[in-house]
Every structure is written in structure tokens, then in C-alpha cells.
Amino acid sequence: MIDVLYFAWVRERIGLPKEQVETSAATVAELVDELRQREERYALAFSDLRALRVAIDQELTEFDAPLAGAREVAFFPPMTGG
Amino acid sequence: MIDVLYFAWVRERIGLPKEQVETSAATVAELVDELRQREERYALAFSDLRALRVAIDQELTEFDAPLAGAREVAFFPPMTGG
Amino acid sequence: MTVRVQSDEFDAGAELNAFTGEVAGAGAIVSFTGVVRDVDGGLTAMEIEHYPAMTERAIAKIVEEAQSRWSLAGALVIHRYGRLETGAQIMMVATASRHRVDAFQAAEFLMDYLKSRAPFWKKELTKDGEAWVEARDEDEDALGRW
Amino acid sequence: MTVRVQSDEFDAGAELNAFTGEVAGAGAIVSFTGVVRDVDGGLTAMEIEHYPAMTERAIAKIVEEAQSRWSLAGALVIHRYGRLETGAQIMMVATASRHRVDAFQAAEFLMDYLKSRAPFWKKELTKDGEAWVEARDEDEDALGRW
């Protein structure tokens with residue numbers, strides 16, 4: 001089980017900020033593929049990965065990063081702080 | 001008659017902040033030459049023009065600037081504001 | 001190094017004075033304050049979302065990177081989240097160093113990285129509705145200079 | 001534009017807040033504060049001489065140049081003269097703009113020009129005596145980037 005978090009418009013499109021996901025995905029990209037299969041709202045949120053960023057256990061990473069040992073994966077648009 | 005002002009170590013070397021000078025010098029450089037003739041302290045203050053800056057009527061200028069119409073000439077080292 | 005992530009308002013002037021008092025010996029202090037501006041005449045407020053578990057850590061990492069690049073006597077980052085009305089202060093950065101160039105560069109570095117690498121997302125609320133602020137290519141490009 | 005040349009102390013935080021209040025609409029505010037630092041452990045005070053008839057005018061000209069180069073919502077320069085103890089604030093600059101890059105660049109430009117083109121001269125007073133601060137080549141060189 002892994003905690004999956006969504007922020008900003010990713011959160012709005014999927015309709016929830018956080019959920020627990022049972023997955024055997026080896027990488028973030030594989031997890032995204034599993035989520036896309038679930039429902040239209042996931043497919044919509046993940047339709048363009050170039051518009052998304054991902055963090056594993058609160059560290060920015062890439063979509064090909066391995067999920068082994070990860071407790072928390074977060075998806076969000078490019079950040080707009082400052 | 002022209003007001004001649006000195007600042008910082010130029011003022012200290014010459015020993016006064018301001019004086020009135022009767023001159024027919026055509027340029028700042030000619031005025032400097034006249035002052036140098038006066039006394040050792042002037043010769044010392046004006047020994048290296050590269051270490052000095054000059055303003056005519058409160059505007060920075062060059063040593064070859066004409067003095068015609070000038071009311072106030074100021075000599076000082078490179079500025080160290082900020 | 002001080003990093004604060006909060007929904008409360010802050011007093012930029014009081015923060016600047018407190019920071020200046022803490023970095024005795026530094027000759028140069030630079031601050032940046034970001035304010036909610038009414039971009040097109042229709043903005044009523046801004047809503048800032050963040051990723052609480054990650055935010056302070058991500059900012060601390062950015063500040064550490066700045067400290068490794070420049071000789072700093074101190075660095076301060078305050079960033080708000082939640083609803084902010086037009087004219088409200090969003091965030092501030094302050095840096096202190098012996099030399100002005102270091103203080104300026106470190107402050108600009110912090111701002112560039114906070115823009116694109118700290119987990120905040122801004123939504124603009126206008127009379128006509130709401131819209132997430134899109135990241136600008138030039139903000140991403142700005143990282144290239146460091 | 002506000003330019004103040006004074007021997008009195010000033011409150012940088014209060015000045016920053018007042019400035020921020022005046023430039024409503026600007027999203028980015030940058031400030032620089034210069035402080036008398038004890039360079040080698042022996043400084044007791046600094047004495048700043050200036051050229052009263054020229055100072056405000058020279059600074060105003062520098063600020064006007066900054067305003068012509070960047071889109072500024074406001075600019076503030078305060079510079080002190082006279083005797084300043086270690087730790088005292090010497091001067092401050094603040095700039096406001098819609099964009100952070102403009103505010104930063106204008107503040108750095110103002111600092112670079114105030115260093116080398118505003119008629120101030122600093123003398124350091126130490127236990128061993130006094131010495132005029134020499135202009136540094138790098139301060140003159142800094143003007144080359146603008």
C-alpha cells in the first residue's frame with residue numbers, strides 16, 4: 001500500500017487530495033498507467049505527463065524513478081511559489 | 001572668481017574645505033596647474049590626477065573640461081558611497 | 001537560517017529589522033517581498049495551496065544550496081499559504097553577507113528556486129471565476145543561470 | 001521617487017513598510033540595507049563626508065536612470081552622513097516593480113552607481129587611527145555591466 005497525493009488542478013480533476021493505492025508498479029510511470037485505467041478522471045488528470053511533476057517521499061523525482069520502498073507519491077503541476 | 005571645493009583626503013592635504021580662486025585658466029587641468037604652483041600642499045594633493053575626480057557646478061566632469069561660466073569646481077577622490 | 005511556512009500575515013519591516021539585528025557583522029542585507037497584485041483589474045484574492053510534509057524541507061534545501069554557493073551571515077524565508085487578498089504580502093526572503101553582490105545573488109537565487117522548486121500552487125480568484133496560475137517558461141529558464 | 005540624505009538614523013523596517021504601502025500594485029519589492037561592519041575587528045566608527053550641494057541631485061539622476069531602464073512602481077534611497085558607529089545602518093535602497101527581475105536589477109544598479117557616482121567618502125576610525133576607504137576597482141568595474 002502506498003499513499004498517493006494530488007495537488008492543485010490534479011487534485012481537482014481526480015476529486016480527492018489523497019488515497020491509498022494497492023500497487024505492484026515498479027516505477028512511477030507504471031503507477032500512472034494503473035491509475036489511468038481506473039476511471040476517466042484519472043485518465044484526464046494524467047493525460048500529459050509533461051504538465052506534471054512527481055515527488056516520492058517528499059523529494060522531487062522523475063517518472064521513471066523506481067517505487068521500491070516508497071511510502072508516499074505526490075502528483076502536481078509545475079510549482080508556482082514565490 | 002571661482003569657488004574651489006575640496007573633499008576627503010584632498011581637503012585634508014590642502015587644509016581647507018573651500019576657497020575662492022582668481023583664475024584665468026581655460027580648463028580644469030590649467031586650474032590644477034595654477035594651484036600646484038602655489039604651495040607644496042597643493043602639489044601634493046594634485047600629484048596624481050588619476051586618483052582624483054572633478055565636478056563643475058555639481059556635475060562630474062573630466063580634467064580637460066572648459067571652465068568658462070563655471071561657478072564652482074570641486075576636487076575629491078573616487079567616491080565610496082553605498 | 002530561518003524558514004517559516006504559515007497562513008498568518010507577517011510584518012515585512014519588523015522581520016527585516018529582526019533579521020538585521022541577528023546578522024551583526026554583515027555589511028549588506030537584501031530583502032525581497034512578494035505582494036498579491038491585481039493583474040488585470042479583476043483579481044479579488046489568491047489561494048495558495050502547498051504540500052505541508054514537503055514544503056519546509058524543500059525550502060531548507062534551497063537555502064542550504066544558497067549557503068554553499070555564497071558566503072552568507074544569514075538567510076530568512078517566510079512563505080504564506082491559504083487565501084490572500086489583493087495587496088497582501090505573500091512571502092519574503094532576506095539574505096545577509098559581507099558583500100552586496102553575494103547578498104543580492106543569494107536572494108535572487110532563492111527567489112528563482114522558490115518560484116519553481118518549492119511545492120506551492122497559486123490560484124487566482126476573479127469576479128469571473130478562478131484559475132490556477134500557470135508556471136512560466138521564463139521562471140524555469142531562470143534556473144539555468146545558476 | 002524619494003531621495004533622503006541625512007545624518008539621523010532611520011528605521012529600515014518602517015521605511016520598507018511605508019514604501020510597500022505607497023507602491024500598491026507592484027508585486028515585487030526589493031530592499032538593500034548597508035550596515036557599518038567591523039572589518040578587521042578594530043573598527044570603532046565610520047565618518048561619512050559628502051558634498052551637500054551635489055548629493056541629492058546626483059542620487060536623483062541615478063534613480064532617474066534606473067527608472068528609464070526598468071519599469072518601476074517606485075524607488076527609495078536614504079543615505080546618511082556624519083559619524084556612524086559599528087553596527088549602524090548607513091543607507092538603504094528600495095525598488096518596486098511588477099516583476100521580481102526588474103526590482104532586483106534596479107536595486108543592484110542603484111547600489112552600483114551609489115557606490116561610485118554619488119559624492120560620499122567614507123573614513124574608517126580604528127583604535128590605531130583613521131583611514132579613508134579606498135575605492136575598489138571591482139566597484140568601478142561593476143558599472144560596466146549596465
Side-chain angles (χ1 to χ4, degrees), chain C residues 10-21 23-41 43 46 73 86-101 103-112 114-115 122 133 136 138-139 141-142 145, chain D residues 10-21 23-41 43 46 73 86-101 103-112 114-115 122 133 136 138-139 141-142 145:
Chain C
F10 61 90
D11 179 332
E15 297 291 346
L16 176 63
N17 282 349
F19 179 74
T20 301
V23 292
I29 291 140
V30 169
S31 80
F32 177 92
T33 316
V35 177
V36 182
R37 62 186 164 92
D38 183 356
V39 186
D40 308 298
L43 194 74
M46 196 166 253
T86 305
Q89 297 183 351
I90 304 171
M91 52 85 65
M92 83 176 279
V93 152
T95 54
S97 180
R98 288 170 66 91
H99 301 294
R100 75 184 187 285
V101 174
F104 270 119
Q105 291 213 337
E108 289 187 76
F109 173 92
L110 290 176
M111 286 307 305
D112 283 352
L114 289 170
K115 280 266 167 200
K122 292 196 189 104
V133 173
R136 303 185 313 164
E138 59 217 85
D139 285 334
D141 294 347
R145 63 173 162 150
Chain D
F10 62 90
D11 180 332
E15 297 291 345
L16 176 63
N17 282 348
F19 179 74
T20 301
V23 292
I29 291 141
V30 169
S31 81
F32 177 93
T33 316
V35 178
V36 181
R37 61 186 164 91
D38 183 357
V39 186
D40 308 298
L43 193 74
M46 197 166 253
T86 306
Q89 297 183 352
I90 305 170
M91 52 85 65
M92 83 176 279
V93 153
T95 55
S97 180
R98 286 171 65 91
H99 301 294
R100 75 184 187 285
V101 174
F104 270 118
Q105 291 213 335
E108 288 187 75
F109 173 93
L110 289 176
M111 286 308 304
D112 283 353
L114 287 170
K115 280 267 166 198
K122 291 195 190 105
V133 173
R136 302 187 313 164
E138 60 217 83
D139 284 333
D141 294 347
R145 63 173 163 151

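Not measured: the values here are computed from a predicted model. Naming: A, B, ... by sequence-line order, numbering from 1 per chain.
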**OP:** Please list, in residue-number order, every residue in residues 105-112 of chain C that has a heavy atom less than 4.5 Å from any heavy atom of chain D; write 'none' if there are none.
**Re:** C:Ala107, C:Glu108, C:Met111, C:Asp112

Subject >> Per-residue contact mode, C:Thr86 against chain D (heavy atom under 4.5 angstrom) >> reply: neither

Original post:
Quick one: side chain to side chain contact (heavy atoms under 4.5 Å, CB included) partners of D:Asn17, sequence neighbours excluded?
Top reply: C:Asp11, C:Ala12

Subject >> With sequence neighbours excluded, residues passing side chain to side chain contact (heavy atoms under 4.5 Å, CB included) with C:Ala26 >> reply: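 Per chain and number, C:Ala26 pairs via side chain to side chain contact (heavy atoms under 4.5 Å, CB included) with C:Val23, C:Ala73, C:Ala96.
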
Subject >> For chain D, the option from C:Leu16, C:Thr33, C:Val30, C:Val101 that forms the most heavy-atom pairs under 4.5 Å >> reply: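 Top count of heavy-atom pairs under 4.5 Å with chain D: C:Thr33.
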
Original post:
Picking from C:Ala14, C:Ala28, C:Ala18, C:Gly87, which has the most non-hydrogen pairs under 4.5 angstrom with chain D?
Top reply: C:Ala28

Subject >> Whether D:Phe32 and C:Phe104 hold their rings parallel, tilted or perpendicular, with breakpoints at 30° and 60° >> reply: parallel

Original post:
By side-chain hydrogen bond (donor to acceptor under 3.5 Å, both in side chains), which residues pair with C:Gln89, not counting sequence neighbours?
Top reply: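 For C:Gln89 there are no side-chain hydrogen bond (donor to acceptor under 3.5 Å, both in side chains) partners, ignoring immediate neighbours.
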
**OP:** Under 4.5 Å, counting heavy-atom pairs only, tell me which of D:Thr20, D:Ile90, D:Ile29 racks up the most with chain C.
**Re:** D:Ile29

